Protein chains: 2
Amino acid sequence: MADTPLQRPVTRRRLLGTAGATGLALGVTGAAAGYTAAAPSETVTPLAEVGSRREMFHVKHQPGITTPLHARGHLIAFDLAPGAGRKEAAALLRRWSQTAARLMAGEPAPAGGHDTGIALDAGPSALTVTFGFGHSFFARTGLEKQRPAALDPLPEFSSDRLDARRSNGDLWVQIGADDALVAFHALRAVQKDAGQAARVRWQMDGFNRSPGATEKPMTTRNLMGQIDGTNNPAPSDEDFATRVRVPADGDPAWMAGGSYVVFRRIRMLLDDWEKLSVTGQEAVMGRRKADGAPLTGGTETTEPDLERVGKDGELVIPLNAHARITRPDQNGGAAMLRRPFSYHDGIDDEGVPDAGLLFLCWQADPLRGFVPVQRKLDRGDALSAFIRHEASGLYAVPGGAPKGGYVGQELLEG
Amino acid sequence: MADTPLQRPVTRRRLLGTAGATGLALGVTGAAAGYTAAAPSETVTPLAEVGSRREMFHVKHQPGITTPLHARGHLIAFDLAPGAGRKEAAALLRRWSQTAARLMAGEPAPAGGHDTGIALDAGPSALTVTFGFGHSFFARTGLEKQRPAALDPLPEFSSDRLDARRSNGDLWVQIGADDALVAFHALRAVQKDAGQAARVRWQMDGFNRSPGATEKPMTTRNLMGQIDGTNNPAPSDEDFATRVRVPADGDPAWMAGGSYVVFRRIRMLLDDWEKLSVTGQEAVMGRRKADGAPLTGGTETTEPDLERVGKDGELVIPLNAHARITRPDQNGGAAMLRRPFSYHDGIDDEGVPDAGLLFLCWQADPLRGFVPVQRKLDRGDALSAFIRHEASGLYAVPGGAPKGGYVGQELLEG
Ligand code: HEM
Ligand code: HEM
């Protein structure tokens, strides 16, 4: 029997005849003043499908919010270094924005610059880099007056088991890509750019399904095996721009077109969870494991029948089912866009898997998104027994930077 | 400007008209008695390219050795539980082999069994599961007489900074796949199968480039940005079967067709490394950063000219260059097949990146492979200043299991 060859023999197909789809993938159909109008011809074409996908940096809303889930991600929070203030922060955000734009275009460091080379050979691989500001940023830079009320610290929840050293931070960067080396390359560049201005506070890695692992694009699964992300607001929804984004006339003005992201590192108690039968797991969620359909039937996208009672006289979708009590119509309309990564940091000192969700949800106002829903979950939905919130963050993520500008410029130079 | 849609709009192409390439990807051109002869039609075709790739379990040599590098990997070592012996170990290896064969075929748990569901929707994604036995296994199971001399503990090296808790182990499992959820699904299944028979000793995660991130299949890069894997023995080499595999008449008989794997968790001191200029980095390696060609010119696969002297009267490839002193012709013919994963475990308590290589090398005999080369590197090649060996393992990886059999059966029932 012959050995398997070490080099992959499978043909890599190029992006040919898919200009339309590519234009879509770039999320660009026209250009506003100062922002990129990417023609399909601007894509990096001589690369295979995964590598060639390119997201734009100089767009109205920062990338990495409505971008399709990435196979690989890094979250990294920084604190400004002692002595660093508004000036140093502005210079840092300018460096970071330039680096992000360059890396997202798949370009190496400019001549004379020092590139680690880790991403060489690969295309941009849908890389996005997203920047946010935490509550503590504003006092350190003398910008308290510009601090959005929406950044007020999240309430403490009784079930919280938060590690302060892995929570919050002055600055927050989210990196996502469909290639792990491309993502790591960006992580090192972002760390290096911080220079003397800021120090890493915490850092976490995550992942999602690889593009092409399923027959067609599908809602991803999480490490509990559930289809996760079904009932997310869609960018095409009429109210998306007001529920997920800060409106153009929002307050403060520098956050117009931006969004607030709540981050929670949520450990899954997998050893307990996996002891449940599939039926037991489905009751916890109110949805079927196999296809994500509501327990009252249909397909993944069928509306659940919340009133239906079974032969046993009980509600088919239990009162404490996660997918029931998180619904906007159960929470005064509270809505958020969930765009998480799974994480796995091996086993902890007790031999228990340290795995779960880097939960990230985006909304125009956390008090009308994450907070009311988490208040309810904190009282104990059926899922609560199987998860533990271990770290937390809340960041103001301004709109995108026009060409020549940088993220947060209106805040830092306003 | 329109928002980027959340679902990937890019067309997933199916494996059509690539039966030949698929056959190759399976590494199967014929069948020996008891082993699978996979016809191309046996591949899981209605899935996209990444998901549909399938490796075979019941093959002559265990999968995961010459399989193309995987995008995602897990290494996990177990110790037999107190009280568990040969019988429990045999039952465990049988369970594991059945699970591996099933998962590699992309099949869920049999009816009545409990599947976590994490891999649902995805294809096998080139999943491989590989099993090995450590030195300590044999005393615990009363099989000392069967213990290969090749498993004698590796010598201590002066530069070693080994963490015993993350080294060695009775049993070792390597999981690789091109989808992170498929790999994690297998990890959970392997852990669950261990049941009361064995306990996790240590566990590590790694990654490589995603398939399709580069234009054509290429040698991967490591986190130092180097092309890594160029001068690997190829399965088509005349002496591959004797240098990488234990020959059919090898000793002990149960290891015929198997291989020995040396594992080293090698931290890269990236903050130091990245301070070097590209020229400085190239002198450390003796190869060019951009394309992996030797400093004496040509392309990645050109033979280096080890004698050439530059205008400055110095050797063009320095005497202590890593790619010079690791060569078989500098080490009495010592050869090994390196098939590593990169790893990144965030930042350590000092804020320094905990990243590097899960170095895995395969050979017929570690004393004629890893050991002489590492002895020389330990004396200090140019790379030594930038790396630190933090964990170590050596495992006997027997040949593959025929249908109905399990890995290690000849050892455990011999
Ligand atoms: C590890 C923790 C969690 C897991 C495994 C999880 C899982 C799920 C699943 C499987 C669904 C149903 C499918 C879908 O619509 O996406 C869902 C829905 C949802 N979850 Fe979670 N969730 C977690 C934590 C949270 C938290 C902390 C919040 C917010 C405080 C949240 C808010 C929501 C919302 C808003 C929905 C959609 C409800 C609807 O509109 O139908 N989840 N979650
Ligand atoms: C983080 C640690 C290491 C890094 C970054 C590294 C990197 C490299 C690179 C870039 C090459 C040249 C390209 C190639 O042929 O693959 C190479 C070659 C090689 N390395 Fe390493 N290496 C490391 C550790 C080791 C160790 C511990 C050993 C064995 C003890 C080893 C053995 C070899 C061998 C045998 C070759 C091929 C030499 C030849 O035949 O030309 N390496 N390594």
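The model shown is predicted, which means the values in this text are computed figures rather than measured ones. So you know, we letter chains A, B, ... as the sequences are listed, proteins then strands, and number each from 1.
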Which atom of [X] lies closest to which atom of [Y], heavy atoms considered:
{"X": "Gln203(A)", "Y": "Ile347(B)", "value": "CB-CG1, 4.1 Å"}
{"X": "Ala213(A)", "Y": "Asp179(B)", "value": "CB-OD1, 3.5 Å"}
{"X": "Gly117(A)", "Y": "Arg221(B)", "value": "O-CD, 3.4 Å"}

Which region of [X], side chain (C-beta onward) or backbone (N, CA, C, O), has a non-hydrogen atom less than 4.5 Å from a non-hydrogen atom of chain A, or is it both or neither?
{"X": "Arg72(B)", "result": "side chain"}
{"X": "Asp205(B)", "result": "side chain"}
{"X": "Leu276(B)", "result": "backbone"}
{"X": "Ser125(B)", "result": "side chain"}
{"X": "Ala355(B)", "result": "side chain"}

message: Are Glu215(A) and Asp121(B) packed together at the side-chain level, in the sense that at least one heavy-atom pair is separated by less than 4.5 angstrom?
response: no

query: Given side chains that start at C-beta, do those of Leu223(A) and Leu181(B) come closer than 4.5 Å, heavy atoms only?
result: yes

Part of [X] within contact of chain B (heavy atom distance under 4.5 Å):
{"X": "Gln226(A)", "value": "neither"}
{"X": "His185(A)", "value": "neither"}
{"X": "Thr220(A)", "value": "side chain"}

- request: Check for a donor-acceptor pair, side chain of Lys192(A) on one end and backbone N or O of Glu274(B) on the other, with a separation under 3.5 Å.
  value: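 Side chain of Lys192(A) to backbone of Glu274(B), a donor-acceptor pair under 3.5 Å: no, none is there.
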
- prompt: Do the side chain of Ser210(A) and the main chain of Asp178(B) share a donor and acceptor less than 3.5 angstrom apart?
  reply: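 Judged by distance alone, yes, a pair lies under 3.5 Å.
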
task: For the pair Arg188(B) and Asp271(A), find out whether any cationic side-chain nitrogen is under 4.0 Å from an anionic carboxylate oxygen.
output: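 Between Asp271(A) and Arg188(B) there is a salt bridge, with a charged N closer than 4.0 Å to a carboxylate O.
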
task: Please state whether the rings of Phe207(A) and Phe184(B) are parallel, tilted or perpendicular, taking 30° and 60° as the class boundaries.
output: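 The arrangement is tilted - the two ring planes meet at 30° to 60°.
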
field: Distance (rounded to the nearest 0.5 Å) between Leu270(B) CG and Ile118(A) CD1
entry: 6.5 Å

- prompt: Roughly how far apart are His74(B) NE2 and His344(A) NE2, rounded to 0.5 Å?
  reply: 6.0 Å

